[in-house]
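Notes to accompany the following structure.
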Amino acid sequence: MAISTSPGAHSELDIFDQYVAALRKTPIDEKTEHTDRAALQALLQWMADQTSTGIHVQHEPKRVAEKGAPDFKVTRGGLILGYAENKAIGENLDKALKSEQITRYRALSPNIIVTDYLHFIWISKQGMQRETLCHATDLESPRYRLHADRVAAVTKLLRAFFSTAPDGIGRAQQLALALALRSRLLRDYLGEELLRQQRQHKEGRLYGLFQIFRDQIFHELTLKEFADAFAQMLAYGLFLARLNSGTRTVTLQNAREFVPGSFRLIRELVDFLGELEKDEYRDIRWVVEEVLSIVNGLDLPAIHADLSFRQRRAISRRLRASSEEEHRLFERDPFIYFYEDYLKAYDPTMRKGRGVYYTPPPVVNFIVRAIDDILKSNFGIVDGLADHRRVTVLDFACGTGTFLLELFQRIFDNVGGSDSGRADLVVREHLLKNLYGFEYLIAPYTIAHLKLSQYLRDLSHPLRDGERLQVFLTNTLEPVEPQRNLLLPAISEEVEAAQAVKEQPILVITGNPPYSGHSKNKGRWITSAVAEYRSTWEKSEAGLEARKPLGERNPKWLQDDYVKFMRFAQMKMDGFSFRTTGPDGKAIEQAVQGVENGIVGVITNHRWLDNPTFRGMRQSLMRSFNQIYVLDLHGAVHVAAPDGSKDENVFDIKQGVAISLLVKQPGLEHGVWRGDLWGKRLEKYQAAADGTVGSVRWEQLDPVTPFYLFARQDRSRREEYQRGWRLRDLFPVNALGFQTHRDAFALSFSESEMAKKLRDLSDVHISDEELSRRYGLRSNRDWSLPNSRSAARDLPEFHLQEVAYRPFDDRWCEFSDLTMDYPRRELLDHVAGRSNLTLLAPRGLSTPDWQHAFVAATPARSWTHNLWPRGVLRRW
């Protein structure tokens with residue numbers, strides 16, 4: 001018996017009678033949750049039509065159980081009004097409400113119906129309401145008739161559901177969070193589809209795009225990372241399309257036409273949306289339609305106001321300052337929090353792992369003004385950064401374009417403002433031709449294009465047909481030979497243009513490179529380039545220079561990404577060569593010309609200033625640049641200012657940071673100068689905003705062999721210090737302390753607790769998944785859970801050992817690689833199970849006063865004494 005859905009033709013009681021009759025057609029014990037969906041859809045559509053015009057109830061069949069879209073999607077005017085999810089008659093709806101599936105849907109929409117055909121639960125912003133039409137036993141009785149009050153109650157609930165207006169978004173922060181939730185789902189579905197195509201269908205377009213990105217952008221790219229990047233790009237690409245669609249609704253079919261020609265690569269990638277019509281992308285399509293609903297429902301005037309460079313509303317984040325102070329310091333970039341808010345909701349661990357942090361505008365402002373002042377005072381360039389004939393600038397890790405935006409603003413300031421007569425010439429002949437940005441993550445790359453083009457539009461200098469910003473999607477640290485392809489022609493042009501910039505002389509290099517000790521930039525070219533820092537040039541008694549290897553047994557800090565970016569900048573200044581493939585397929589050596597004059601202005605981790613591991617890097621930079629200025633902003637966690645007051649970081653990170661200005665200009669006095677900023681974060685922002693390179697209290701240093709420290713030293717005591725004995729000479733057996741990388745499992749407060757963990761590790765009745773869940777274990781490069789479990793089962797007994805976890809905090813462990821990544825051979829051979837002492841001392845000091853020694857009678861953990869940055873254990 002079909003349900004008539006003509007509005008007004010029947011009363012609610014008639015419609016529900018028809019609905020119940022349709023449910024009775026199949027015996028309850030033969031039903032599944034899918035059996036009566038047609039009847040439910042007809043009922044919901046009738047109720048929607050009674051409530052308002054233009055509401056569409058669409059059934060979304062799932063390809064995989066518990067995956068994909070909710071059972072019914074409810075839309076109005078292209079916007080998602082809500083969802084309906086149905087279960088089989090008699091299924092426990094309270095249990096369903098607690099499921100991961102419903103939790104996921106609730107994160108996407110505050111308007112959801114959950115039903116088993118007879119019981120209806122409406123989830124809204126106000127809470128949860130329930131109504132029951134009838135019970136399963138009622139369907140089995142042919143004499144049962146619906147009660148009018150039950151019909152009225154369910155009708156009222158459904159009408160309230162259909163009367164809920166789709167959420168409109170008018171603030172950038174709301175938009176970032178909404179896009180993040182949907183991007184996260186999209187990433188997961190894209191990842192699954194990529195794996196399927198890798199196994200079954202490598203000719204698939206999605207997998208083809210992955211191969212292009214891996215070959216042309218980042219050679220170490222994984223399927224998971226590409227799914228992540230592509231999901232973010234699609235979300236922001238659709239937002240970009242909506243910004244340019246005017247009054248028209250953006251759809252899967254027309255999104256590409258609304259992406260401007262100046263965003264050609266993004267437009268070609270958005271063209272992938274046409275693939276979503278295919279059945280294999282059903283589980284992806286509904287999430288993209290979610291994003292479309294979000295962007296189509298935007299309050300565009302409000303979003304424009306929020307991201308306007310004209311209005312620049314303060315966006316308070318309670319950054320330890322009043323909103324007025326924060327506004328004054330941060331008003332230069334209305335996009336400042338846009339990608340940060342997105343990443344916090346999307347994947348904060350990815351943000352940390354990639355070193356993705358916005359650079360505070362006051363710091364960027366100081367660096368850019370310092371570069372501008374040096375160009376004017378040292379290089380005699382009257383217009384500074386605005387000189388379009390002599391100045392070229394590269395931000396080698398541009399992210400969302402914070403440095404490039406500051407450069408644009410400074411250049412406009414130098415020519416009298418964006419309304420001056422010279423402004424348009426500067427835009428066309430300089431900003432769009434001589435200022436470059438490199439970024440390998442496609443989401444910040446997209447935002448950089450969006451932000452900078454919006455800035456020019458707001459200042460009445462919009463991009464014209466055929467024009468584009470010189471911001472390129474590329475890995476700064478990898479030379480790439482462009483490869484033509486039909487699937488994504490724009491990527492070839494992007495790579496070719498980026499490589500041309502890598503090979504041309506650049507006067508100024510600036511930016512905030514990522515800080516990541518576990519670098520994924522392991523290409524042969526940059527790895528061999530950084531090897532330069534593993535030795536120093538020293539003079540023999542005969543006065544001849546020769547390389548002296550540093551002999552560092554643990555040079556991993558030289559592999560940090562920021563070190564590699566600084567090495568790239570140095571080589572761009574000096575000139576370098578790399579191997580590439582010629583037209584005949586043979587390898588050829590390609591030379592890149594350096595510059596006679598140049599400036600590098602960056603903010604990085606400050607560890608390189610005085611850590612012994614970096615002495616080769618410091619000397620190498622001194623050989624390349626005539627003058628080096630470092631302004632240490634400090635901010636390392638657990639380190640106080642010299643007066644004992646709290647010292648805060650300008651970023652939300654643990655390691656301290658420093659601004660470096662490296663000047664190459666023949667004839668300049670050679671030297672290294674240092675300044676320091678201690679104190680609270682806001683005070684540092686204020687000092688950066690108000691200070692100039694000329695106002696900093698610089699102190700000239702005297703970095704000399706063997707360590708070439710960029711740190712203050714009492715020269716009068718140097719001779720006395722040099723007469724002392726080196727700890728490494730006294731204690732030839734030395735090493736870092738042990739590192740478990742899973743302290744919660746590998747260390748215990750008692751011997752019995754540790755023994756219990758080891759029994760669980762070797763227990764064949766406990767699965768790897770259960771053990772991982774119970775103890776938070778996961779394999780990594782240096783330790784495998786399955787291998788460790790197998791080894792534990794082969795041991796006749798465990799040898800438990802007390803160790804020094806922290807000062808006066810001894811704990812128990814199985815001291816071996818059974819549970820640890822690095823137990824350290826020196827400790828295994830000379831300390832574990834022996835009557836021996838270890839002297840703990842650092843190779844560098846983190847505080848002005850000496851408080852950096854400790855003695856342990858057992859193996860000690862790295863970082864054991866938390867008053868110093870890196871503990872070194874020496875066998876007594």
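None of the values given here were measured: they were computed from a predicted structure. Numbers for residues simply follow the sequence, beginning at 1. Heavy atoms only: backbone and side chains are in, while hydrogens, waters and symmetry mates are out.
Q686 and D690 share a donor-acceptor pair across their side chains, judged by distance under 3.5 Å alone. Q211 and D215 are not linked by any side-chain donor-acceptor pair at a separation below 3.5 angstrom, with hydrogens and angles left out of the test.
For the pair K344 and D652, the salt-bridge criterion is not met [side-chain N within less than 4.0 Å of a carboxylate O]. Between R390 and D383, no side-chain nitrogen of the basic residue sits less than 4.0 Å from a carboxylate oxygen of the acidic one, so the salt-bridge criterion is not met. Of the charged side-chain nitrogens involved, at least one lies within less than 4.0 Å of a carboxylate oxygen, so that E257 and R248 count as a salt-bridged pair. The pair D424-R464 meets the salt-bridge criterion, since a charged nitrogen lies less than 4.0 angstrom from a carboxylate oxygen. Salt bridge R205/D271: present, at least one basic N to carboxylate O contact under 4.0 Å.
Using cut-offs of 30° and 60° for the angle between ring planes, the F218 and Y440 rings count as tilted. Ring orientation note: the planes of Y342 and Y346 are close to parallel, at an angle under 30° on the 30°/60° scale. Ring geometry, F309 versus F335: the interplanar angle falls under 30°, so the pair is classed parallel (tilted spans 30 to 60°). Y455 and F408 have tilted rings, their planes meeting at an angle from 30° to 60° on a 0 to 90° scale. Note: F472 and F438 have tilted aromatic rings, judged against thresholds of 30 and 60 degrees for the angle between ring planes.
Of all the heavy atoms in F651 and T359, the pair that sits closest is CE2-CA, 3.9 Å.
Not one N or O on the side chain of Q470 forms a donor-acceptor pair closer than 3.5 Å with the backbone of L435. A donor-acceptor pair is defined here as one N or O able to donate and one able to accept, closer than 3.5 Å; such a pair exists between the side chain of R182 and the backbone of A178.
When side chains are defined from C-beta on, I603 does not count as touching V364, because their heavy atoms never get closer than 4.5 Å. Side-chain contact between I411 and D372 is absent, with no heavy-atom pair separated by less than 4.5 Å.
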What's the verdict on side chain to side chain contact (heavy atoms under 4.5 Å, CB included) for L633 and I659, showing C-alpha distance, side-chain angles and the deciding distance? CA-CA 7 Å; L633 302 181; I659 293 169; 4.1 Å; yes
Applying salt bridge (charged side-chain N to carboxylate O under 4.0 Å, His left out) to E494 and R264, what does each step give before you reach the verdict? CA-CA 9 Å; E494 191 85 3; R264 185 181 171 193; over 6 Å; no
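Less than 6.0 angstrom separates the ring centroid of Y236 from the ring centroid of F338. Here F272 and F230 bring their ring centres to under 6.0 angstrom of each other.
Separation of atoms CZ (F226) and CG (L209) is listed at 5.0 Å; rounding is to 0.5 Å.
The only option from K502, E439, Q499 that meets the side-chain hydrogen bond (donor to acceptor under 3.5 Å, both in side chains) definition with T474 turns out to be K502.
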